[in-house]
2 protein chains.
Amino acid sequence: MRLVVATCSAEYSGRLNAHLPLATRLLVVKADGSVLLHSDGGSYKPLNWMSPPCKLVVTAADEDAAARGVVQVWVVQHAKSDDRLVIELHEVLHDSAHELGVDPGLIKDGVEAHLQVMLAAQIELLGAGARLVRREYPTAIGPVDILARDAAGATIAIEIKRRGDIDGVEQLTRYLELLNRDPHLAPVRGVFAAQEIKPQARVLATDRGIGCLVLDYDAMRGVDDSGARLF
Amino acid sequence: MRLVVATCSAEYSGRLNAHLPLATRLLVVKADGSVLLHSDGGSYKPLNWMSPPCKLVVTAADEDAAARGVVQVWVVQHAKSDDRLVIELHEVLHDSAHELGVDPGLIKDGVEAHLQVMLAAQIELLGAGARLVRREYPTAIGPVDILARDAAGATIAIEIKRRGDIDGVEQLTRYLELLNRDPHLAPVRGVFAAQEIKPQARVLATDRGIGCLVLDYDAMRGVDDSGARLF
DNA sequence: ATATTCATCTCGCTC
DNA sequence: GAGCGAGGTGAATAT
């Protein structure tokens with residue numbers, strides 16, 4: 001990994017065209033040839049970048065560029081597309097290289113999949129007597145998160161999201177349309193389950209006869225833990 | 001901006017919990033206190049990070065940590081949420097600070113907004129005699145990209161996407177439902193315009209009586225350019 | 001290989 | 001501040 005702090009300007013062309021005026025920035029060149037161009041603020045997203053596979057070619061400034069104060073030109077060309085990032089360095093304030101080795105990578109825990117597993121295990125949150133049919137119930141247009149039956153034996157299709165917005169209701173609506181064509185399942189009613197359900201999504205769901213269930217992650221995890229201790 | 005190359009492990013807890021095993025990485029501390037933790041590969045996204053507003057507190061390793069080989073502990077705490085990143089540094093290979101100043105920011109050009117402007121200018125792509133009503137026509141559920149009228153005076157609502165998939169058709173459907181309740185506009189028909197329309201989206205659109213229009217960006221830009229030269 | 005879905009999404013805009 | 005839509009979305013996963 002090479003770290004360069006330099007006053008530079010940059011031009012990106014590819015899926016869009018973008019220009020960065022002259023300023024002092026951090027340039028990171030990774031082992032795979034990818035380049036990041038960071039300012040001293042904002043988020044984790046660079047101002048500009050080139051994703052691998054790509055190739056960096058460093059050249060001296062031509063006469064024209066040198067007249068503008070450019071000392072080095074970096075051309076980063078994507079290997080497969082015509083995406084290209086051209087950086088003109090005016091002053092190099094720092095330049096160092098480091099051997100980092102391979103990274104073992106991030107280990108994550110606890111997202112939507114976890115919600116699905118927990119709700120399947122605590123299916124009575126839907127109502128007393130509810131029974132799980134299966135998670136990831138396959139259909140022609142994709143798997144339904146959870147299929148269940150209520151105490152009376154009627155089918156329930158559940159769509160789970162971390163944040164419940166309008167798209168999730170649309171998705172569940174498509175599933176319901178399809179599932180209700182199956183005489184073994186019909187009539188199927190829908191339940192939209194999420195940690196947080198946006199007002200517009202709730203209105204749309206209610207309008208379509210879809211129930212809303214707000215999931216309390218911490219509470220469910222608490223039940224999950226005691227269950228784990230019991231068995 | 002402070003750049004540190006160090007062998008470290010990290011724990012993030014907040015919207016999820018995540019762990020990074022011991023490895024050599026780049027740590028970037030920005031002027032606003034945000035921290036990025038980069039490996040020597042992957043994309044522009046850090047392995048782990050903390051977004052501003054947040055505060056970094058560096059402490060010496062306690063006895064327990066020192067026994068594990070830790071020399072420094074960084075605790076990055078988010079100012080408003082309980083998001084927290086704890087980094088244990090085992091060996092510091094590089095440490096430097098740099099004054100970067102404020103960045104003027106990126107200047108973008110040419111994405112969906114550009115498609116919208118060009119289609120508005122070349123509205124007869126919809127059919128001879130078509131006239132533009134306005135771009136970003138406001139409705140209660142968000143702005144319609146383009147509202148137009150055909151040669152016969154009938155209203156057309158256009159949704160523009162770079163890549164036309166099923167969500168865009170759903171979006172346009174919601175707009176059409178709403179617009180058709182307005183007696184000044186009804187009947188309103190829909191046109192789904194995109195650089196590329198996915199088969200599933202085309203089927204759904206056709207099924208709902210929505211027209212599909214594939215936009216040739218380069219050709220439109222060509223017309224746009226000659227237009228610019230003519231006037 | 002392609003298609004779908006999630007994301008500690010981020011970012012920008014409008015209300 | 002909340003909501004909504006776009007992204008050079010990227011990344012993972014199922015098909």
Side-chain angles (χ1 to χ4, degrees), chain A residues 10-18 34 37 42-52 54 76 78 81-85 105-106 108-116 136 138-143 145 159-163 165-168 171 174 194 196 198-201 203, chain B residues 10-18 20 34-37 42-52 54 76 78 80-85 105-106 108-116 136 138-145 159-163 165-168 170-172 174-175 194 198-201:
Chain A
E11 293 283 341
Y12 164 77
S13 62
R15 275 168 284 191
L16 60 70
N17 297 317
S34 59
L37 226 163
S43 68
Y44 69 70
K45 194 175 180 178
L47 290 166
N48 228 320
W49 71 94
M50 189 61 69
S51 306
C54 63
V76 192
H78 194 271
S81 72
D82 53 2
D83 283 30
R84 171 191 282 246
L85 179 63
L106 188 68
K108 288 185 183 183
D109 170 41
V111 264
E112 186 191 309
H114 198 190
L115 280 176
Q116 193 192 95
E136 301 286 348
T139 77
I141 56 171
D145 286 340
E159 176 66 33
I160 299 173
K161 294 285 176 195
R162 206 166 57 79
R163 283 187 328 213
D165 60 18
I166 218 158
D167 288 351
Q171 191 181 345
R174 289 196 296 274
E196 175 203 351
K198 303 242 172 124
Q200 290 205 1
V203 169
Chain B
E11 293 284 341
Y12 165 76
S13 62
R15 278 167 283 187
L16 60 71
N17 298 317
L20 273 175
S34 59
V35 175
L36 314 185
L37 226 163
S43 67
Y44 66 70
K45 193 175 179 177
L47 290 167
N48 225 320
W49 71 94
M50 188 63 68
S51 305
C54 63
V76 193
H78 196 270
K80 295 186 176 179
S81 72
D82 53 3
D83 283 29
R84 169 191 284 244
L85 179 63
L106 188 69
K108 285 187 182 180
D109 171 42
V111 261
E112 186 192 310
H114 198 190
L115 280 175
Q116 192 191 98
E136 302 284 348
T139 77
I141 55 171
V144 177
D145 285 342
E159 176 65 34
I160 299 173
K161 295 282 176 198
R162 205 164 57 79
R163 285 186 326 214
D165 59 18
I166 218 163
D167 288 352
E170 297 286 9
Q171 190 180 345
L172 178 53
R174 289 196 296 275
Y175 288 137
K198 304 240 170 127
Q200 290 202 1

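To find a chain, count down the sequence lines: A is the first, B the second, and so on, and within it residues start at 1. Quick caveat, the model's predicted, so the values are computed rather than measured.
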Study note, to complete from the structure: So CG of Asn48(B) and CG of Leu85(B): to nearest 0.5 Å the spacing works out to 5.0 Å
Check your understanding: Heavy-atom distance under 4.5 Å between the side chains of Lys198(B) and Ile166(B), does that happen here?
Key -> no
Practice item. Could you tell me the separation between the CZ atom of Arg15(A) and the CZ atom of Arg162(B), rounded to the nearest 0.5 Å? Key: 7.0 Å
Exercise for review: Give the rounded distance in Å between these two atoms: CG of Asp83(B) and C1' of dT10(C).
Suggested key: 15 Å
Point to revise | Distance test, side-chain N/O of Lys45(A) to OP1/OP2 of dC11(C), below 4.0 Å | key: no
**Study point:** Protein-nucleotide distance (Gln116(A), atom CD; dT13(D), atom P), rounded to Å
**Key:** 14 Å
Check your understanding: Considering heavy-atom distances to DNA chain D, does Tyr175(B) or Ser43(B) have its closest nucleotide positioned more toward the 5' end?
Key -> Tyr175(B)
**Study point:** Selected nucleotide, minimal atom distance to Arg174(B) side chain, candidates dT10(C), dG5(D), dG10(D)
**Key:** dG5(D)
Practice item. Taking atom P in both dT8(C) and dT4(C), compute the distance separating them and give it to the nearest angstrom. Key: 22 Å
Check your understanding: Which part of the nucleic acid, if any, lies within contact of Glu159(B), taking any heavy atom under 4.0 Å across all strands shown: a base, the sugar-phosphate backbone alone, or nothing?
Key -> sugar-phosphate
Practice item. Could you please name the option among dA6(D), dT10(C), dA11(D) that lies closest to any side-chain atom of Gln171(B)? Key: dA6(D)
**Study point:** Length of the line joining Leu172(B):CG and dC4(D):P, which is rounded to integer Å
**Key:** 18 Å
Practice item. Take atom CG of Leu16(B) and atom P of dA11(D), then tell me their distance rounded to the nearest Å. Key: 16 Å
Exercise for review: Measure the shortest side-chain to side-chain distance between Asp83(B) and Tyr12(B) over non-hydrogen atoms and say whether it is less than 4.5 angstrom.
Suggested key: yes
Point to revise | Residue Lys80(B), side-chain heavy atoms: nucleotide from dG1(D), dT5(C), dA11(D) that is nearest | key: dG1(D)
Practice item. Mark yes or no for whether Tyr44(A), through its side chain, and Tyr44(B), through its backbone, hold a donor-acceptor pair below 3.5 Å. Key: no
Check your understanding: Roughly, in whole Å, what's the span from OH in Tyr44(B) to C1' in dC11(C)?
Key -> 10 Å
Point to revise | Reported OG-to-CE distance for the pair Ser81(B) and Met50(B), which is rounded to 0.5 angstrom | key: 7.0 Å
Review point. With centres under 5.5 Å and planes under 30°, do Tyr12(A) and dG8(D) count as stacked?
Key: yes
Practice item. Mind checking Leu85(B) for me? I need base, sugar-phosphate or nothing, with any heavy atom below 4.0 Å counting as a touch. Key: nothing
Review point. In whole angstrom, what separates Leu106(A)'s CG from dA7(C)'s P?
Key: 13 Å
Check your understanding: Among the nucleotides dG7(D), dT8(C), dA6(D), which one has an atom lying closest to any side-chain atom of Lys161(B)?
Key -> dA6(D)
Revision key, fill the gap. Picking from dC11(C), dG8(D), dA6(D), the nucleotide nearest the side-chain atoms of Met50(A) would be dG8(D)
Point to revise | Atom-pair distance (CG on Asn17(B); C1' on dT8(C)), nearest Å | key: 11 Å
Study note, to complete from the structure: Of the candidates dA6(D), dG7(D), dT10(C), the side chain of Ser51(B) sits closest to dT10(C)
Point to revise | Euclidean distance, atom CD1 of residue Ile160(A) to atom P of dA7(C) [Å, nearest integer] | key: 12 Å
Exercise for review: For Lys198(B) and for Gly42(A), find the nucleotide of DNA chain C with the closest heavy atom, then tell me which residue's nucleotide is more 5'.
Suggested key: Lys198(B)
**Study point:** Ring-base stacking, Trp49(B) with dT8(C) (5.5 Å, 30° cut-offs)
**Key:** yes
**Study point:** Distance below 4.0 Å between Arg15(A) side-chain N/O and dG10(D) OP1 or OP2
**Key:** yes
